Amino acid sequence: MASIASSLDPILAGYGHDPTALLQILRDAQEVFDWISPEVRAAIAGTLGVPTARIDSLTQFYAHLYDTPRGRYRILFSDNITDRMAGSVALMDHMLTRLKLERGKLSADGVVSVDFTSCTGMCDQGPALLVNNRPVTRLTPRRIDEICDLIRALTPLDEWPADFFMVQDHIRRADMLLGAAYRRGDATRAAVARGAQAMLDEMKRSNLRGRGGAGFTTAVKWETCRDAPGEERFIICNADEGEPGTFKDRVLLQSFSERVFEGMAIAALVTGARRGFLYLRGEYSYLRAPLEAKLAEMRRENLLGEKICGAEGFDFDIAIHLGAGAYVCGEETALIESLEGKPGKPRIRPPFPATHGYLGFPTVVNNVETLCKATEVALIGGASYAGQGTKQSTGTKILSVSGDCERPGLYEYPFGVSIAQVLEDCGAQNPGAVQVGGAAGNCLTPAEFGRRIAFEDQPTAGALMVFGSQRDMIEAARNFARFFAHESCGFCTPCRVGTSLVADMVDKIAAGRGALYETMDLQRLHDILRRSSHCGLGQTAMLALGDMMQKFRPAFERRLTSRDFEPGFDLDAALARARELAGRDDAAAHLGADI
Ligand SMILES: Cc1cc2nc3c(=O)[nH]c(=O)nc-3n(C[C@H](O)[C@H](O)[C@H](O)COP(=O)(O)O)c2cc1C
Ligand code: SF4
């Protein structure tokens with residue numbers, strides 16, 4: 001116990017013994033002890049004065065916190081469909097065989113465990129895995145052999161070949177943001193020279209809309225936060241980037257981080273916020289040290305801290321917080337819960353974060369790319385900015401392109417570019433379908449490749465996964481269905497139960513055991529999820545699957561054993577347990593009811 005306490009003391013002191021930082025404390029403790037043992041849990045709970053149940057609620061919620069031993073080397077293979085298309089399943093099998101392991105089980109000597117995890121954001125250089133949260137990309141059988149040898153020799157991670165951990169940017173097409181020559185501080189100085197109100201006016205003129213998915217007007221969000229009552233205000237950069245197939249924020253954080261931080265500072269200038277957080281997904285924790293170094297440089301250059309750029313009253317600083325493997329934490333209210341040291345369960349909205357956010361104070365939550373775009377507005381003014389793209393979708397958009405194409409990576413275009421153009425530029429190989437917007441997005445067939453990337457046509461947070469016409473789209477459907485079942489936070493019944501049922505049914509169809517009745521049940525579940533889920537995760541969980549079932553109907557029907565409409569499975573009865581848990585048995589809690 002003494003050694004536990006002595007290892008924990010500096011961690012706890014580093015966070016000022018603040019229970020709000022519980023998630024960060026557990027992450028750091030796990031780095032030291034490999035898992036959160038009952039002794040570690042008791043020591044943290046005792047020192048912080050929180051119930052051990054609160055720690056349990058976090059270890060049970062976050063996939064990358066462990067309350068059972070997982071070994072000194074914790075290997076997690078990225079399980080996006082693009083990783084699978086590049087051979088990840090065979091590579092994992094190879095590793096399991098070499099290490100004489102069963103998936104998800106700790107090795108007999110307690111050294112290593114191997115499992116899958118949701119997309120790690122390396123789709124342009126997959127198949128990929130994480131070893132103790134550090135990404136290893138471009139996996140081949142040879143690299144797997146080398147990794148197994150290093151593990152067997154108990155080689156510390158810091159002594160593994162550096163090129164294993166190299167993550168490349170793969171910028172294939174640069175435009176206003178990725179292609180601009182930029183001198184650090186110029187955007188902040190330009191904003192300060194204008195003043196807070198004039199900067200907000202430029203933001204309004206720019207009609208900049210959020211790049212995180214929903215496309216909300218950024219100026220409106222900032223103004224609402226500025227005008228909301230409250231003694232403090234906060235700026236949060238949403239760097240959770242968990243949408244399968246998306247990795248553009250990773251590159252912005254790796255190579256354009258001053259633009260991200262300056263965008264946050266400009267938001268602070270406009271709203272009057274004095275503190276900001278970058279919520280970085282745990283899978284990107286390898287970026288933490290360079291990001292901290294960048295923050296330190298910017299403080300030295302008076303781009304952060306007090307009297308920024310000499311402006312009286314412009315005081316602002318940024319702290320980095322890490323997630324721990326929960327896609328739902330990208331949803332802005334779940335993210336705020338997580339920042340407050342709790343399980344990331346979405347809040348009921350309204351009120352929205354702009355008026356009631358972090359610790360109840362007015363809070364701006366913006367995507368990484370949105371904040372970078374705000375620096376452009378500061379530099380060139382709102383009118384010039386609005387001259388790019390389309391009327392409703394101004395400026396440029398960065399796409400993360402992966403899958404069956406010769407040049408996966410980042411492509412920046414003015415809004416309005418057609419899917420066909422992107423496919424030509426990336427060297428798409430005989431594309432039979434494109435998944436736009438990640439697992440929560442839409443699946444488009446060649447007849448729709450003339451559609452344009454824009455909020456008024458095909459909106460997207462940035463993912464574009466290419467499927468060659470030889471691909472089995474049922475495998476893609478299965479992968480997405482399992483993703484949502486795994487990532488559902490369990491807070492509301494339609495999503496918790498619905499996503500699991502969907503995953504089981506798609507498995508059944510894929511295995512050739514489905515009947516036409518299942519496809520009808522899936523359609524009913526689609527409606528339930530879309531209409532009754534509490535947050536965007538459940539509401540969008542069947543968008544892609546719905547598209548695929550409709551657009552690739554013959555492929556689905558070929559797999560059905562029976563074209564019988566008789567139920568082989570009673571869906572309403574399957575929901576009985578969920579009704580019991582939710583304490584509901586009213587008409588609306590039954591299938592077929594008009595909810
Ligand atoms: C399940 C779910 C996951 C999300 N993940 C992200 C994410 O990783 N990054 C992000 O910026 N927004 C994400 N969002 C959207 C955020 O809730 C929010 O709209 C966004 O951060 C606002 O920033 P913006 O206005 O700059 O787009 C997600 C939403 C949902 C429902
Ligand atoms: S829809 Fe799903 S992820 Fe969202 S709150 Fe409900 S259970 Fe959680």
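Treat the numbers as computed from the prediction; the structure is a model and nothing was measured. Just follow the structure's listing: the first ligand is 1, and inside any ligand the first atom is 1.
- Within the 3.5 Å criterion, the main-chain N or O of E456 finds no donor-acceptor partner in the side chain of Q392.
- More than 12 heavy atoms of other residues, nucleotides or ligands shown are found within 6.0 angstrom of NE2 on H170.
- Expressed to the nearest 0.5 Å, how far CG of N367 lies from CD1 of I236 amounts to 13.5 Å.
- With a heavy-atom cut-off of 4.0 Å, E241 touches ligand 1 through its backbone alone.
- Note that the CG atom of L253 and the CD atom of E241 stand 7.5 Å from one another [nearest 0.5 Å].
- Of the protein's non-hydrogen atoms, C489 SG, 2.4 Å is the one closest to atom 8 (Fe) of ligand 2.
- The atoms of ligand 2 that sit less than 4.0 Å from any heavy atom of V328 are 3 (S).
- For ligand 1, the atoms sitting less than 4.0 Å from at least one non-hydrogen atom of G210 are 24 (P), 25 (O), 26 (O), 27 (O), numbered in the order shown with element in parentheses.
- Expressed to the nearest 0.5 Å, how far CD of E369 lies from CG of D249 amounts to 7.0 Å.
- Once rounded to the nearest 0.5 Å, the distance linking CD of E232 with CZ of R275 reads 6.0 Å.
- Heavy-atom proximity to G242, at under 4.0 Å, picks out these atoms of ligand 1: 8 (O).
- The closest side-chain donor-acceptor pair between T375 and E262, if any, does not fall under 3.5 angstrom.
- Of all protein heavy atoms, the one closest to atom 29 (C) of ligand 1 is E331 CA, 3.7 Å.
- Nearest to atom 27 (O) of ligand 1 by heavy atom, out of G212, C237, A239, is G212.
- Summarising the geometry, atom CZ belonging to F491 is positioned 13.5 Å from atom CG belonging to L537; distances are rounded to the nearest 0.5 Å.
- When only non-hydrogen protein atoms are considered, atom 6 (C) of ligand 1 lies nearest to G330 O, 3.3 Å.
- Against a heavy-atom cut-off of under 4.0 Å, F491 is close to the following atoms of ligand 2: 5 (S), 7 (S), 8 (Fe).
- If you check which protein heavy atom lies closest to atom 23 (O) of ligand 1, you get N367 N, 3.2 Å.
- Within ligand 1, counting atoms from 1 as listed, the ones closer than 4.0 Å to a heavy atom of R211 are 26 (O), 27 (O).
- Listed by number with element, the atoms of ligand 2 under 4.0 angstrom from any heavy atom of S488 are 2 (Fe), 7 (S).
- With S285 as the partner, the side-chain contact (heavy atoms from CB on, under 4.5 Å) test is satisfied by one option alone out of N133, N132, I320, L130: N133.
- Counting protein heavy atoms only, atom 26 (O) of ligand 1 is closest to T370 OG1, 2.7 Å.
- Close contacts of ligand 1 with K221, meaning ligand atoms under 4.0 Å from a residue heavy atom, involve 22 (C), 23 (O), 24 (P), 25 (O).
- Counting non-hydrogen atoms of neighbouring residues, nucleotides and ligands closer than 6.0 angstrom, the NE2 atom of H356 reaches no more than 12 such neighbours.
- Numbered from 1 in the order shown, with element, the atoms of ligand 2 that lie under 4.0 Å from a heavy atom of P346 read 5 (S).
- What sits closest to atom 6 (Fe) of ligand 2 on the protein, heavy atoms only, is C492 SG, 2.3 Å.
- Close approach of ligand 2 to S533 is summarised as follows: ligand atoms under 4.0 Å from at least one heavy atom of the residue are 1 (S).
- Ring-centre distance between F455 and F415: below the 6.0 Å cut-off.
- Looking from atom 4 (Fe) of ligand 2 to the surrounding protein, the closest heavy atom is C535 SG, 2.3 Å.
- Against a heavy-atom cut-off of under 4.0 Å, G536 is close to the following atoms of ligand 1: 31 (C).
- For ligand 2, the atoms closer than 4.0 angstrom to any heavy atom of G538 are 1 (S).
- Scanning the protein heavy atoms around atom 21 (O) of ligand 1, the nearest turns out to be N238 ND2, 2.9 Å.
- E340 and S338 form no side-chain donor-acceptor contact under 3.5 Å, judged by distance and modelled atom types alone.
- A perpendicular orientation is assigned to the rings of Y284 and Y286, their planes being inclined by more than 60° (bins at 30° and 60°).
- Protein heavy atom in closest approach to atom 17 (O) of ligand 1: E332 N, 2.9 Å.
- Residue contacts with ligand 1: E243 is excluded, as none of its non-hydrogen atoms falls under 4.0 Å.
- Among protein heavy atoms, atom 2 (Fe) of ligand 2 sits closest to C495 SG, 2.3 Å.
- By the 6.0 Å contact criterion, CZ on R288 is enclosed, its count of non-hydrogen atoms from other residues, nucleotides or ligands being greater than 12.
- Remark: ligand 1 atoms within the under-4.0 Å shell around heavy atoms of V365 are 21 (O), 22 (C), 23 (O).
- Y279 and H321 have their aromatic ring centers separated by at least 6.0 angstrom.
- If you check which protein heavy atom lies closest to atom 5 (S) of ligand 2, you get H534 CD2, 3.5 Å.
- For the pair E243 (side chain) and T246 (backbone), a donor-acceptor distance under 3.5 Å is absent.
- Ligand-side atoms of ligand 1 in range of D240: 8 (O), range being under 4.0 angstrom from any heavy atom.
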